Peer 1: 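Got a structure for you, questions after.
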Amino acid sequence: MAADDEKTLVEILEEHNPIDLSKYINYVSAPQAGAIATFSGTTRDTFDGKEVVELRYEAYVPMAVKCIKSICSSARSSWNLHSMAVAHRLGPVPVGETSVFIAVSAVHRADALEACKFVIDEVKASVPIWKKEVYSNGEVWKENSEFLERRLELGKDVGSCSVKEPEVHRQERKSCCGSKAKVIDENAEIRHERKSCCGAKSKIIDGSA
């Protein structure tokens, strides 16, 4: 775990601190990494026909960092990754600027690409970071669609970092807590259900499900 922690960088940036994309790309770069996948979430200028001026983010920082690290640990348990970096801004983020950036390096591109998508999806769904959209004629707090879907899945409010385990083609792997989970058989019958390190239940299925 210590070695993985050394290769994972998670930062929640205070207000008015832009994200330095090159910093995080350089962090995950390595001679043995043949692929680097990145995701940059930027503020767009319109939403549902309204003119967007900026987005504003707030977070419970200690929990946000803990949740993102848990997401990264879960990704490592499912893909062969070298280094990971996740940065998220707080405060106002004007149109065209980056609010969240993820960089993942791996030996092979499939691992990097799939893990990068998993991380951003989980950040949107479960990390306690809240967004306000500021329009030219008003403002409103918004919940991500992924967050709403996760809440429906769990049947309760999300806010305690309910990480959803990725569905992978592995016969056995360790969770971020170190416990092992068996993949179910080809008939997609649930053989094992367990809780993730954040308390959410995860079901492991095989590739035929």
Side-chain angles (χ1 to χ4, degrees), residues 8-28 36-75 83-104 113 115-164 166 196-200:
T8 301
L9 176 62
V10 175
E11 293 187 335
I12 304 296
L13 304 178
E14 298 301 325
E15 292 190 16
H16 309 296
N17 284 334
I19 294 178
D20 182 356
L21 276 59
S22 62
K23 168 185 175 180
Y24 302 103
I25 293 174
N26 289 336
Y27 178 85
V28 302
I36 296 177
T38 65
F39 172 83
S40 179
T42 59
T43 303
R44 62 180 184 271
D45 61 1
T46 57
F47 177 80
D48 200 21
K50 302 175 185 178
E51 180 185 356
V52 176
V53 177
E54 66 182 15
L55 300 180
R56 295 177 187 169
Y57 291 92
E58 294 183 7
Y60 176 38
V61 175
M63 181 61 73
V65 171
K66 179 180 178 181
C67 287
I68 295 173
K69 286 183 177 180
S70 177
I71 292 167
C72 291
S73 180
S74 183
S83 300
M84 308 178 71
V86 181
H88 204 300
R89 284 178 65 174
L90 299 183
V93 182
V95 171
E97 294 191 14
T98 299
S99 57
V100 57
F101 185 74
I102 296 167
V104 179
L113 289 168
C116 187
K117 182 181 185 303
F118 169 76
V119 172
I120 185 56
D121 287 348
E122 287 301 313
V123 167
K124 291 291 186 181
S126 61
V127 176
I129 297 176
W130 302 281
K131 175 178 69 176
K132 178 188 285 186
E133 288 188 348
V134 181
Y135 310 117
S136 57
N137 60 350
E139 58 186 35
V140 63
W141 287 101
K142 297 293 292 293
E143 286 186 332
N144 294 311
S145 59
E146 296 92 343
F147 185 95
L148 295 173
E149 291 170 2
R150 182 61 53 79
R151 185 166 61 187
L152 290 174
E153 288 177 8
L154 296 177
K156 59 183 179 180
D157 285 342
V158 178
S160 58
C161 189
S162 51
V163 179
K164 182 178 182 180
S196 73
C197 56
C198 298

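Predicted, not measured: the structure shown is a model, and the values here were computed from it.
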Peer 1: Ignoring hydrogens, what is the shortest heavy-atom contact between Pro18 and Leu13? Give both atom names and the distance.
Peer 2: O-CD1, 3.9 Å
Peer 1: Specify the closest pair of heavy atoms between Leu55 and Lys131, including all atoms of both residues, with the distance to one decimal.
Peer 2: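 Of all heavy-atom pairs spanning Leu55 and Lys131, the closest is CD1-CD, 3.9 Å.
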Peer 1: Please step through side-chain contact (heavy atoms from CB on, under 4.5 Å) for the pair Asp20 and Phe101, ending with a clear verdict.
Peer 2: CA-CA 9 Å; Asp20 182 356; Phe101 185 74; over 6 Å; no
Peer 1: Measuring from Glu139:CD to Lys50:NZ, what's the distance to the nearest 0.5 Å?
Peer 2: 11.5 Å
Peer 1: Less than 4.0 Å between a side-chain N and a carboxylate O, is that true for Glu97 and Arg89?
Peer 2: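 Looking at Arg89 and Glu97, the cut-off is met.
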Peer 1: Looking at residues at least two apart in the chain, or sitting in another chain, which of them share a side-chain contact (heavy atoms from CB on, under 4.5 Å) with Ser136?
Peer 2: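 With sequence neighbours excluded, Ser136 shows a side-chain contact (heavy atoms from CB on, under 4.5 Å) to Glu51, Val53, given in chain and number order.
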Peer 1: Just verifying a value: how many Å separate Asp121 CG and Ser126 OG, rounded to the nearest 0.5 Å?
Peer 2: 10.0 Å
Peer 1: Which pair of non-hydrogen atoms, one from Ile129 and one from Ala64, has the smallest distance, and what is that distance?
Peer 2: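 The answer is CG1-CB, 4.2 Å.
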Peer 1: What are the two closest non-hydrogen atoms of Val10 and Lys69, and how far apart are they?
Peer 2: CG2-CG, 3.8 Å
Peer 1: Quick check for you: to the nearest 0.5 Å, what is the distance between Ile102 atom CD1 and Phe118 atom CZ?
Peer 2: 10.5 Å
Peer 1: Using ring pair (Phe, Tyr, Trp, His ring centres under 6.0 Å) as the criterion, list what pairs up with Phe39, not counting sequence neighbours.
Peer 2: none
Peer 1: Give the C-alpha distance, both sets of side-chain angles, the deciding distance and a yes or no for side-chain contact (heavy atoms from CB on, under 4.5 Å) between Val52 and Asp45.
Peer 2: CA-CA 5 Å; Val52 176; Asp45 61 1; 5.5 Å; no
Peer 1: Under a 3.5 Å distance rule, please check whether Thr43 uses its side chain to pair with a backbone N or O of Glu54 as donor and acceptor.
Peer 2: no
Peer 1: Give me the one residue out of Val86, Ile36, Val104 that meets side-chain contact (heavy atoms from CB on, under 4.5 Å) with Cys116.
Peer 2: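 That would be Val104.
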Peer 1: Hey, what do you get for CD1 (Ile71) to NZ (Lys66), rounding to the nearest 0.5 Å?
Peer 2: 12.5 Å
Peer 1: Quick check: closest heavy atoms across Leu21 and Ser40, and the distance to 0.1 Å?
Peer 2: CD2-OG, 4.4 Å
Peer 1: For side-chain contact (heavy atoms from CB on, under 4.5 Å), just list the numbers for Ile19 and Tyr24, CA-CA rounded to whole Å, side-chain angles, deciding distance to a tenth of an Å, and then say yes or no.
Peer 2: CA-CA 9 Å; Ile19 294 178; Tyr24 302 103; 3.7 Å; yes
Peer 1: Sub-3.5 Å donor-acceptor pair from the side chain of Tyr27 to the main-chain atoms of Thr8, do we have one?
Peer 2: yes
Peer 1: Using side-chain contact (heavy atoms from CB on, under 4.5 Å), reason through Val61 and Leu90 one step at a time and then give a plain yes or no.
Peer 2: CA-CA 10 Å; Val61 175; Leu90 299 183; 3.9 Å; yes
Peer 1: Where do Pro128 and Met63 come nearest, in terms of heavy atoms and distance?
Peer 2: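 Taking every non-hydrogen atom into account, CG-CG, 3.6 Å.
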